[in-house]
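Let me begin by presenting the structure, written as structure tokens, before commenting on it.
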Amino acid sequence: MEEFEEMLTCPICFEEEELYLTACGHNGCLKCLLRLRECHECRQKFSGSFKPIKNYGLMKMIEVIKTKKFQPPKPEHSNETLYFTNENWRDLIVNPEIIDNIELGNWSYPTRVQAEAIPKILSRQNVLVESWNGTGKTGSFAIGTLCQIDPSYEALQVVCLSHTKEIKDMHASVYSFLAENTGIIVEKTEKNKLHGNNKSYNSNKSYYLPYTHVLCGTVDSVFKYFKVKDICGECLTFVIDESDEILKSQENIQKINTILSKVVYPQVLLYSATLSDITRSYAYEYLPNAIEVSIKAPLSLNPKVKLFNIMPERGMSKKQLVYNLISNLACSMCIIFINTKNDGLELKAYFENQGFKTDYFSGDLSVSEREEIIEHCQLGKIKIIISTDVLGRGFDCKSLDLVINYDCPKNPSNRTMPNFEAYYHRCGRTGRYTRSGTVINLIEFSEHPLYQKIFSYFDISPRITNDFNEVFKAIELNSKDYLLC
Ligand SMILES: Nc1ncnc2c1ncn2[C@@H]1O[C@H](COP(=O)(O)OP(=O)(O)OP(=O)(O)O)[C@@H](O)[C@H]1O
């Protein structure tokens, strides 16, 4: 409202509230304008026949504001308003090449988080953004930050921080597709590029990496990059994705603050599906005037995901149960979350003994193995993958229609408590962008108390069943959402 106060009075006498327009489009009250020979704003001479016209548009807006008919749009949580907004890309951004790339990617309309966060990013404020998994957060910060880049200025302008290599790769690929033909260079931190090999070492440290406008990397690798490159600058935008996970570590906070201290006017964007108190207190301490964009009811799971609880019958092991389930399953792709890599390897070996091949993913695989598995998932070559929580966050695979929680995620610092965030993010691997999804919790007797805490925390009541057909039907019902993947 205060922003409008100045617009409400005549800029010449500061009294009159009924405003008229000059031919050159400037405002003033009728009394003042009739006394002038030239425009008080742009000095354009008035012709003899000049007659001010009432500024109806502005008067209408003032009337609406005064009668409080104008209200900022309230976040609504239905699926339609989550994925489709009244905005279109041309209302939000002006860069024609970026709009072309968005259209090439078939992103017809901005999602709600994109429509709400992009204008705030463009105003160079520090922003905290929270929105359900799969609602387009990556696109929102990538588009918002790319639109601020001047490609002719050969310097780093955006840094995107992640906590795993997989998320870094995903950021780099989204940035690259959106930056195509814009002249904007996108790079990710790579070990060999950062340090070079000793033979080619040159005292000119900038030798190793060509300049880049956007740099995607883990906190650690970007920290090293800043050390090697000795970067300091005026305006740089930093995105911290999955900020609640990254800011859990004091070491990360120190590294991030060291990086930020090298920049005169850093803009920081904190993103997560679950903005924790840690994130908010970081913002409170280090990011003055940060504003928050929240597109979800607190503590709520994506309503498009159906949840089931299945318990092994007496005498049956969980391994047997999950084998019976997946060997009969007609899903498009399924991820089975386990808590430790040993559990994962054991489960994979059990399936293999039954003559059933599955893939296994964890942080201890080599980089090339991990890259190959992710690529195979994206190409639809993998149907069932067993994974630790490394794929619990950020992993975006369009065909993934089923999540199985083989183990209940536990809080690493108190194993008697569940890890609520990990559960939330696991479930968020399915039901992404307008699609529906299914989550099955396999619950052993000893896990009941942990799961009860999760269910009451998120206020959910998964359907309890031992009838596989019921679950298969639910997956089948969703199958139309996955046909085109
Ligand atoms: N405007 C859009 N129109 C159509 N599809 C979109 C749009 N924005 C994003 N998507 C697609 O939606 C999917 C989910 O997007 P994204 O990975 O950015 O979600 P997210 O909110 O970051 O999820 P998470 O919290 O799990 O990281 C992606 O496959 C992406 O290509």
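When a residue number appears, it is its place in the shown sequence, counting from 1. Basis for what follows: all heavy atoms, side chains included, without hydrogens, waters or symmetry-related copies. Just so you know, ligand 1 is whichever comes first in the structure, and atom 1 is the first atom listed for that ligand.
In the vicinity of G394, heavy-atom distances shorter than 4.0 Å reach the ligand 1 atoms 27 (O). Here is the list of ligand 1 atoms found below 4.0 Å of a heavy atom in W132: 21 (O). Against a heavy-atom cut-off of under 4.0 Å, W89 is close to the following atoms of ligand 1: 1 (N). Remark: ligand 1 atoms within the under-4.0 Å shell around heavy atoms of K398 are 29 (O), 31 (O).
For atom 30 (C) of ligand 1, the choice among Y433, F395, W107 with the nearest heavy atom turns out to be W107.
In Y109, the part holding a heavy atom less than 4.0 Å from any atom of ligand 1 is the backbone. Only the side chain of Q114 comes within contact range of ligand 1, with a heavy atom under 4.0 Å; no backbone atom does.
Of the candidates L269, I121, T138, V239 forms a side-chain contact (heavy atoms from CB on, under 4.5 Å) with just one, namely L269. Checking R429, K341, R426, K410 one by one against D389, the salt bridge (Lys or Arg N to Asp or Glu O under 4.0 Å) holds for a single residue, R426.
The protein non-hydrogen atom at the shortest distance from atom 28 (C) of ligand 1 is D396 OD2, 3.0 Å. If you check which protein heavy atom lies closest to atom 17 (O) of ligand 1, you get R432 NH2, 3.0 Å.
In this pair, F420 and Y457 present their aromatic rings parallel. The plane angle is below 30°, not in the 30 to 60° band.
Distances from ligand 1 to the non-hydrogen atoms of Y424 include no value under 4.0 Å.
Classification of E87 and R112 as a salt-bridged pair fails, no side-chain N sitting under 4.0 Å from a carboxylate O.
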